[in-house]
4 protein chains.
Amino acid sequence: MAEETNIQEAFQAVMAANGDIPPKQQQVLAASLELFAQQGFANTTTKQIAQKAGVAEGTVYRRYKTKDELLAAVLAPFVTQVLPRLITEFAEGVVGRPYLTRHEMIQSIAEDRLAFIQKNGPILRILIREISVRTDLRSQFITHAGPLLQENLFPVLDRLKARGELVDWPDSRIAQFMIGTMLTELVRTLLVPEDIEKAIPTIIKFLEKGLAPD
Amino acid sequence: MAEETNIQEAFQAVMAANGDIPPKQQQVLAASLELFAQQGFANTTTKQIAQKAGVAEGTVYRRYKTKDELLAAVLAPFVTQVLPRLITEFAEGVVGRPYLTRHEMIQSIAEDRLAFIQKNGPILRILIREISVRTDLRSQFITHAGPLLQENLFPVLDRLKARGELVDWPDSRIAQFMIGTMLTELVRTLLVPEDIEKAIPTIIKFLEKGLAPD
Amino acid sequence: MAEETNIQEAFQAVMAANGDIPPKQQQVLAASLELFAQQGFANTTTKQIAQKAGVAEGTVYRRYKTKDELLAAVLAPFVTQVLPRLITEFAEGVVGRPYLTRHEMIQSIAEDRLAFIQKNGPILRILIREISVRTDLRSQFITHAGPLLQENLFPVLDRLKARGELVDWPDSRIAQFMIGTMLTELVRTLLVPEDIEKAIPTIIKFLEKGLAPD
Amino acid sequence: MAEETNIQEAFQAVMAANGDIPPKQQQVLAASLELFAQQGFANTTTKQIAQKAGVAEGTVYRRYKTKDELLAAVLAPFVTQVLPRLITEFAEGVVGRPYLTRHEMIQSIAEDRLAFIQKNGPILRILIREISVRTDLRSQFITHAGPLLQENLFPVLDRLKARGELVDWPDSRIAQFMIGTMLTELVRTLLVPEDIEKAIPTIIKFLEKGLAPD
DNA sequence: CATGAATGAGCTTTCATTCAT
DNA sequence: TATGAATGAAAGCTCATTCAT
C-alpha cells in the first residue's frame, strides 16, 4: 500500500526527533501513529495498538504512562521540531535573494511543502483533528507555529509586497490562502486517491495568480 | 453569544429537514450538535448530552436508539437535504444567465456559501472530522455530494471556460480550490476568532484572480 | 456468625450518618465495610464488592466515583459523626456530677465504649489499619478527634485530679491508657474469639486501680 | 533521622536471624521493611522496593521468588526467632529468683520490652497489620507465640499470684493488659511523635498498680 | 549474578444501553 | 412518555513476575 509507505516516512520524521528509542517502543509509536491517523485517537484502543505493534499491552505503557502521553509523543516532536525546521529551512532558502519573484517564492514553498504534506499526511491528519478538539493542544500549537510564521515567512512576504510582487493583503491572510490551498490536497487525497505530484504545478499557478497584485 | 446563535441556526437547518420532532428530542439534538462540534463525537458522552439537553439519559434513547443514530440524525439531513438545496439553489440562480462573468459566479457562490459556512460551522466541523474517520460516512458523502456538484456546478464552470472566462483546469480541481479556500475560513475561526464577513471580499478577489485564464 | 451481626450494626451507624441512600447503594456500602474489615482495603477488589453486594460492577461506581471515595463513605461519617457523638454523649453524662468518683467515671466510659467497640469493631479495624497507612486520613483523624478529647474528656479528668480521685499524669497519657486498654479487646477478639461483655468488669477494675493516685 | 536508625536496628534483628545474605539482598530486605512499615504491604510495589534498595527489579526476585516470600522473609525470622528469644530471655532472667516482686517483674519486662518495641516498631507495625488481614499468618503467629507465653510467662505469673503479689485474673488477661499497654506506645508514636523512653516509668507504674491484688 | 525490558492477568473505571417505575 | 438507577462489556492502566542479555 502506498499508505503504508507514507506512514513509514512520517514515522521516520517523528523517530528522528525522539532520540534513542528501543525497537519495541518504536513499534508502539509507529502503530499508534498509523491507527490514530486511520481511526482517530479516541477510537483507537491500547489493545489495538499493542496488537498492531506486536507487543503486549503492558509494553505500550512502559515508556508512555498514559494514552495521552502517547499522543503527545507522536505529535509533540512534529510540532516542536519537524514543523519549525520546515519553516526555517524555507526562510534560509530565500533569505539571501533580494530580487526573489512571487513565482520563485511560491514555487519554492509549494514544492517542498507539498512533498512534505504527502510524506507527513498521517501526522498532519492527526494533528488537525486533535487540534480541533483539544484546547490545550490548540494553544500549544498557536504558541509554536505563530511566531515561526511571523519570523520566517512574514518578512519575506513584506519584502515582496514592498517590491510590488505580491498583493497587499495582511500577511496572515496570505498565509491562510497559501497553507490552506496546499492542505486542500490533503483533503482531496482522502476523498479521491490521487498522486499529489500531479497537482503541484496547478496549485503553484493558482496561488501565483491569486496572490498577484491587482 | 454569537457561537450560540450559530448553533441555533445550524440547528434550525437540521431541524427543518427532520420533520416533526417533539421539544425534548429537539433539545437532545441541539445539545448533541453543540457538544459534538466542541469536543468531537467520540469524546462526548450520552450523559453530557442529557445534562446539556436538560433531560434524563433514557430520554436520549427514546427516538435515537444508539449514539451513532444520534450522529446520523445530526449529519444525515444536512448532507442529504441542506447541502443539496444549497447547491441546487445556486444553480437555479445562475442557470438562466448566459453571459455570466467569472466575477459574478464567484461572488454569487462565495457570498452565499461563506454565510452558510458561518451559520453551519459547527455541523461542518463535525462532518469533516467524522468523514475523515468513518469510511461509511465518507462513501455516503461522496455518493451524495459528487453528483450534485457534477450536475449543478460543473456545467456552469464548463460554460464559463468555453467563453474564456475561466482557467482551463479540470472542474474537480477548480471546485477543490473554491470550496477549499472557503473552508480555510472555518479553520481560521478555530485558531483566531474573527468575523467571517470581513474576509468575504478578499476571498472573492483571491478566487477571481486565481481562477482567471492565463 | 456473630461477626455478621456486628457488621450489620456497624453498618447501621454509618447508614444513619449517611442520609438517604437507595437500597443497592446500601448493599454496596455494607459489602465494602465487611470486605474492607476482613481483607483490608487494598486487598479488596471492586469485583468482590459487587459480587457480595449482589450488584453489577458498574453499580459500585454510581454513587462513589472511585474506590477511595467508597472508603471515605465508610469511614468519614464514622469519624465525623459517630465518634464525636460517642465522646460528647459521655461528657453530657458526667458533666452535671461534681462529686464523680474515679470508679464512676471509668465505669461510665468503659461500659458504653466497650459495647461500642464490639458493635463497631469492623469499622474500627478498617479505621486503625488505614490510619496507619494513609497520611491524609491520619491528619484528618487527629484534627477531628484531638479537640474532641480535649474539650470533653480532659476537663473531667482535670476535675478528678483536682479532687485527688485520679493519678496526676498528663491527660493525654491517661487517655492513652484508657482507650488503649479498651482497644486491646479488639485485638484479643481477633486472635481469640471471645465475648467482650465478660471482659468489661476486669477492664474496669484494671483501669480503676491503674489510674488511682499513688 | 531517628526513624532511620530504628529501621536499621530492626533490620539488624531480622538480618541476624536470617543467616548469610549478600549485600544487595540485604538492601532489598531493608527497603522492603521500611516501605512495608510506611505504606503497608499491599500498597508497596516491587518497583519501589527496587528503587529504594538501589537494585534492578529483577534482583528483588533473585532470592525471594514472590512478593509474599519477601514479606515472609521480613516477618518469619522475627516471629520464629527474635520474638521467642525475647520471651525466653526474660524467663531466664527471673526463673532463679523465688522471691520476685510484682514491681521487679513488671520493670524487668517493661524496660526490655519497651526498648524492644522502640527498636522493632516498624516490623511490629507490619506484623500487626498483616496479622489482621492474613489468616495464615494469624494462625502461624498464634501457634508460635501462644505456647511461648504459656511456657515462659504464665508460670512466672502463677508464682506471683500464689504469693499474693499479683491480682488473681486469668494469665491470658494479665498478658493482654501488659502487652496491650506497651503496644499503646506504638500507636502513640504514630499519632504524636514522642520518645518512648520518657513513657517507661509511667507505664511501669500503671501496670504495677493495675495488676496489684485487690 | 544482576539487569530492566517485556509480559499479561487482573484491577479500576467508563459509558452506551436497558428497563422497571 | 420520561426517568435515572442499574447493567456489563470493554477501556485504560498497574504491577508481580519472567527472561534474554
Side-chain angles (χ1 to χ4, degrees), chain A residues 21-25 27-28 42-50 53-70, chain B residues 22-25 27-28 41-51 53-71, chain C residues 21-25 27-28 42-50 53-70, chain D residues 22-25 27-28 41-51 53-71:
Chain A
I21 294 183
K24 294 238 169 166
Q25 300 301 327
Q27 292 162 34
V28 168
N43 305 315
T44 301
T45 69
T46 51
K47 194 172 200 169
Q48 288 177 315
I49 294 172
V55 301
E57 219 175 327
T59 306
V60 175
Y61 285 89
R62 245 204 96 64
R63 174 175 283 248
Y64 311 105
K65 282 185 286 284
T66 66
K67 202 183 153 199
D68 271 5
E69 238 175 66
L70 200 46
Chain B
K24 293 232 168 173
Q25 299 304 325
Q27 292 162 35
V28 168
F41 173 77
N43 305 315
T44 301
T45 69
T46 50
K47 193 175 197 173
Q48 288 177 314
I49 295 172
Q51 263 173 3
V55 301
E57 229 179 317
T59 307
V60 174
Y61 283 85
R62 175 133 310 274
R63 174 177 282 248
Y64 310 104
K65 282 185 290 274
T66 67
K67 201 185 157 196
D68 272 0
E69 239 173 65
L70 200 47
L71 177 65
Chain C
I21 293 183
K24 294 237 170 167
Q25 299 302 326
Q27 293 162 36
V28 167
N43 306 313
T44 302
T45 68
T46 50
K47 194 173 199 169
Q48 288 177 315
I49 294 172
V55 302
E57 221 175 324
T59 307
V60 174
Y61 285 87
R62 246 205 97 64
R63 173 175 284 248
Y64 310 105
K65 283 184 286 283
T66 66
K67 202 183 153 197
D68 270 6
E69 236 175 67
L70 200 46
Chain D
K24 294 232 169 172
Q25 298 304 325
Q27 292 162 35
V28 168
F41 173 77
N43 305 315
T44 301
T45 68
T46 49
K47 193 176 196 170
Q48 288 177 313
I49 294 172
Q51 263 173 2
V55 301
E57 230 179 318
T59 307
V60 174
Y61 283 84
R62 175 135 309 273
R63 174 177 282 247
Y64 310 105
K65 283 185 290 272
T66 68
K67 201 185 156 196
D68 272 1
E69 240 173 64
L70 200 47
L71 177 65

query: Would B:F41 and B:D68 satisfy side chain to side chain contact (heavy atoms under 4.5 Å, CB included), going step by step from the backbone distance to the final call?
result: CA-CA 9 Å; B:F41 173 77; B:D68 272 0; 3.3 Å; yes
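Rounded to whole Å, the distance from CD on C:E69 to C1' on E:dT12 is 13 Å. Rounding to whole angstrom units, CG of residue D:L70 and C1' of F:dC15 are separated by 15 Å. Straight-line distance from the OH atom of A:Y64 to the P atom of E:dA5: 13 Å, rounded to whole Å. What separates CZ of C:R63 from C1' of F:dA6 is a distance of 14 Å, to the nearest Å.
Looking at which nucleotide of DNA chain F each of B:A56 and C:G54 is closest to, the 5′-most match is held by B:A56.
Contact detail for D:Y64 and D:L70: the closest heavy-atom pair is CD1-CD1, 3.3 Å.
Of the candidates C:V55, C:T59, C:V60, C:I49 forms a side-chain contact (heavy atoms from CB on, under 4.5 Å) with just one, namely C:V60.
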What are the atom names and distances for every N/O pair under 3.5 Å that joins the protein to nucleotides 15-19 of chain E?
unit_1 : atom_1 : unit_2 : atom_2 : d
E:dA16 : OP1    : B:K67  : NZ     : 3.3
E:dA16 : OP2    : B:T46  : N      : 2.7
E:dA16 : OP2    : B:T46  : OG1    : 2.9
E:dT17 : OP2    : B:Y61  : OH     : 3.3
E:dT17 : OP2    : B:K67  : N      : 2.7
E:dT17 : O4     : B:E57  : OE2    : 3.4

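Taken from NZ in C:K24 to CZ in C:R63, the straight-line distance is 14.5 Å, to the nearest 0.5 Å.
At E:dC1, none of the side-chain N or O atoms of D:Q25 fall inside 4.0 Å of OP1 or OP2 (strictly under the cut-off).
In this structure, C:V55 reaches the sugar-phosphate backbone alone: every heavy-atom distance under 4.0 Å involves primed, P, OP1 or OP2 atoms, never a base.
Of the possible polar contacts, one joining the A:E69 side chain to the A:K65 backbone as a donor-acceptor pair under 3.5 Å is found. Proximity of a side-chain donor or acceptor of A:K67 to a complementary backbone N or O of A:T44 within less than 3.5 Å is detected.
When Watson-Crick and G-U wobble pairs are counted only if both distances are under 3.5 Å, F:dA20 pairs with E:dT3.
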